[in-house]
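Have a look at the structure below, then the notes.
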Amino acid sequence: MIHLTDKDTKMPLKYDENSKNKNFSEVTDNDDLQYTIASSVEDFNFNKQASLDDLFDELLLSNSIFKNKEFLRHTYTPEILPHRKNEIQKLASILVSAVKGEIPSNIFVYGKTGTGKTVVVKYVGNGLVKKVGGKAFLKTSPTIDCNTGLPKPDLSANLKMNMPITFIYINCEVVDTQYRLLSKLSEYFGQSVPLTGWPTDKIYDVFSQSLDSEKKLVIIILDEVDQLFKKGGDDVLYNLTRINSDLENAKVSIIGISNDLKFIEFLDPRVRSSLGEEEIIFPPYDAPQLMDILEDRSKISFNDSVINPGVIPLCAAFAAQEHGDARRALDLLRTAGEIAERQNAKKVMEPHVRIAKDRIEQDRVSEVIKTLPTQSKLILYSVYLLEKYMPGEIITGDVFNIYKDLSNILKLDILTQRRVSDLISELDMLGILNAKVVSKGRYGRTREISLGVTPTQIKSLLENDFKIKKVSSYVPPIQHKLV
DNA sequence: TGTCCACTGGAAGGGAGGGCTT
DNA sequence: AAGCCCTCCCTTCCAGTGGACA
């Protein structure tokens with residue numbers, strides 16, 4: 001019998017090599033614990049592997065928690081979307097005009113992250129294409145039969161009508177300029193357009209000609225459409241919403257999806273009235289609704305009776321705190337399952353969910369910090385140094401002074417204070433810094449800045465960067481503090 | 001009540017880099 | 001090769017901000 005403590009849950013576990021099921025189990029008062037050989041399940045598992053081959057065998061044969069993890073990913077479109085009946089009906093009632101051969105109104109879809117906007121639009125889009133015939137460039141996973149685990153056959157070819165529909169899904173977080181959008185759209189109609197180099201009006205001509213080559217209805221879904229506006233203004237939206245007047249055969253309808261309701265207020269009034277001909281608002285899910293969603297998905301993703309009763313309510317409660325984000329709830333449940341599986345646990349328990357919550361947040365933060373450009377890292381490191389050596393209020397001017405020193409030491413170009421101010425705003429938006437604009441009367445208007453993550457995390461992540469490492473012994477001089 | 005401070009944030013534009021056309 | 005275009009990152013300029021202080 002071997003005794004150890006799980007590193008994450010701090011639970012005492014035992015391992016009996018002579019038992020049939022070579023699994024870890026909780027310690028009881030009757031257990032006679034003779035040895036303590038490892039500090040964690042991972043350490044133990046690693047130490048006792050005779051070879052990599054054995055390791056894979058062990059992992060494959062281990063008692064699996066999951067039936068099919070893929071059903072817990074947000075890219076999966078389920079057959080039934082719980083608590084979105086009204087939104088589906090409203091969207092379908094607008095798009096039904098396409099079945100009659102008419103052009104559907106442009107639609108603006110608004111809702112917070114993880115409220116099911118994208119999945120509902122893709123779901124209705126797929127349904128419409130199946131009904132009318134046409135193509136769907138929606139990048140969804142194929143509908144999978146829950147019993148067989150195989151993709152369901154696509155019956156759309158059987159229902160062709162006069163005006164075929166092409167559904168195109170574009171994520172404007174990636175395709176965020178007029179040029180990129182038009183070049184991406186042209187690609188869908190078989191035109192190859194260089195990544196850069198052409199004048200925009202030329203791409204527009206190529207796109208509209210390829211689009212108009214045959215009679216069809218094209219429904220373009222612009223997800224995160226606010227990103228397109230932020231970068232390229234409303235020119236591209238204006239052109240797209242007016243394109244029908246340039247077309248003879250094809251017709252275009254736009255569905256704009258955004259989680260920023262205010263963005264539409266900044267649009268040109270003509271674009272606003274055109275894009276928002278119809279509006280659908282997706283309310284956030286509450287905790288019971290999230291529980292229903294998780295229950296449905298867990299039935300097809302996990303093996304029977306592997307989820308402790310408190311796990312799903314806890315995932316739902318955590319996600320409900322974050323404006324009812326179903327994506328977050330699914331991520332939590334999947335990660336909790338993965339942690340349980342890695343620990344060779346027989347069940348997913350509440351502590352696994354809590355660990356999953358911390359791990360997801362830590363992973364997000366470390367990924368963001370690691371990929372920051374050097375200048376932003378230096379600004380972040382300046383805030384860290386100020387918090388460490390000069391506790392008290394930190395304002396933009398303080399950060400700029402330390403940043404200049406660090407840049408000088410590293411022989412890097414020094415950005416202007418204006419630019420540094422923008423980078424501080426970006427770090428604030430990422431949640432790495434907290435920056436609040438405050439007025440200090442005759443002492444001016446500035447930002448009060450603090451770290452948004454723990455100093456330990458900042459230190460360990462930034463001091464791993466070979467450039468930042470060179471200034472890790474720097475101590476800010478007292479005169480760099482303005483207040 | 002007017003002045004002042006230390007910025008913020010919008011706008012315009014420079015210039016480097018990458019790519020296309022002629 | 002020259003000219004043109006787009007994108008990105010950055011600078012420069014400047015009006016605006018709002019609370020403390022004289």
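Note on naming: letters A, B, ... go to the chains in the order of the sequence lines (proteins, then strands), and numbering restarts at 1 for each one.
At whole-Å resolution of the value, CD in Gln375(A) and P in dC8(C) are 19 Å apart. Rounded to whole angstrom, the span from the CD atom of Glu448(A) across to the P atom of dT8(B) amounts to 12 Å. Atom pair Arg419(A):CZ and dC13(C):C1' shows a separation of 17 Å (rounding to whole Å applied). In this entry the distance linking CZ of Arg418(A) with P of dC10(C) reads 13 Å, nearest Å. Between Lys436(A) atom NZ and dA6(B) atom P the separation is 20 Å, expressed in whole Å. dA6(B) atom P lies 16 Å from atom CD1 of Ile449(A), rounded to whole Å. Rounded to whole Å, atom P of dT12(C) lies 11 Å from atom CG of Leu415(A). Across the protein-nucleic acid pair, Ile394(A) atom CD1 and dA6(B) atom P stand 18 Å apart, rounded to whole Å.
Evaluation of the side-chain hydrogen bond (donor to acceptor under 3.5 Å, both in side chains) test over residues 320-329 of chain A, restricted to residues two or more places apart or in two chains, returns Glu322(A)-Arg328(A). Sequence neighbours left out, not one pair with a member in residues 232-256 of chain A passes ring pair (Phe, Tyr, Trp, His ring centres under 6.0 Å). Within the structure, the salt bridge (charged side-chain N to carboxylate O under 4.0 Å, His left out) test picks out no pair touching residues 200-210 of chain A (sequence neighbours left out). Within the structure, every pair that satisfies the ring pair (Phe, Tyr, Trp, His ring centres under 6.0 Å) test and touches residues 210-234 of chain A, not counting sequence neighbours, is listed here: Phe229(A)-Phe263(A).
At a cut-off of 3.5 Å, with distance as the only test, no side-chain donor of Gln227(A) or Asn171(A) sits close to an acceptor on the other residue. A side-chain donor from one of Gln375(A) and Tyr403(A) sits under 3.5 Å from a side-chain acceptor of the other. Side-chain contact annotation: Ser425(A) with Arg447(A), donor-acceptor N/O pair under 3.5 Å present.
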Hey, can you pull the donor-acceptor pairs under 3.5 Å for the side chains in residues 103-114 of chain A, sequence neighbours left out?
unit_1, atom_1, unit_2, atom_2, d
Asn106(A), OD1, Ile254(A), N, 2.8
Asn106(A), ND2, Ser274(A), O, 3.2

Mind listing the side-chain donor-acceptor pairs of residues 413-420 of chain A below 3.5 Å, one per line with the distance, residues two or more places apart or on another chain?
unit_1, atom_1, unit_2, atom_2, d
Thr416(A), OG1, Arg419(A), N, 3.3
Arg418(A), NH1, Asp422(A), OD1, 2.9
Arg418(A), NH1, Asp422(A), OD2, 3.2

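Across residues 421-434 of chain A, not one residue has a non-hydrogen atom less than 4.0 Å from an atom of DNA chain C.
Residues satisfying the salt bridge (charged side-chain N to carboxylate O under 4.0 Å, His left out) criterion with Lys377(A), sequence neighbours excluded, are Asp465(A). Applying the ring pair (Phe, Tyr, Trp, His ring centres under 6.0 Å) rule to Phe282(A) yields no partners; only residues at least two apart in sequence or on another chain are considered. With sequence neighbours left out, the ring pair (Phe, Tyr, Trp, His ring centres under 6.0 Å) criterion links Tyr179(A) to no other residue.
Projected onto DNA chain C by closest heavy-atom contact, Pro199(A) and Asp176(A) fall at different nucleotides, the more 5' of which corresponds to Pro199(A).
In terms of phosphate contacts, Arg447(A) brings a side-chain nitrogen or oxygen within less than 4.0 Å of OP1 or OP2 of dG9(B). An OP1 or OP2 oxygen of dC6(C) is reached within less than 4.0 angstrom by no side-chain nitrogen or oxygen of Gln178(A). Under 4.0 angstrom from either OP1 or OP2 of dT11(C) there lies at least one side-chain N or O belonging to Thr416(A).
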Under a 4.0 Å heavy-atom criterion, the protein footprint on nucleotides 17-22 of chain C, written with B, S and -, is BBBBSS

Produce the list of close N/O pairs, under 3.5 Å, pairing protein atoms with atoms of nucleotides 14-19 of chain B; give distances to one decimal.
unit_1, atom_1, unit_2, atom_2, d
dG18(B), N2, Thr196(A), OG1, 3.0

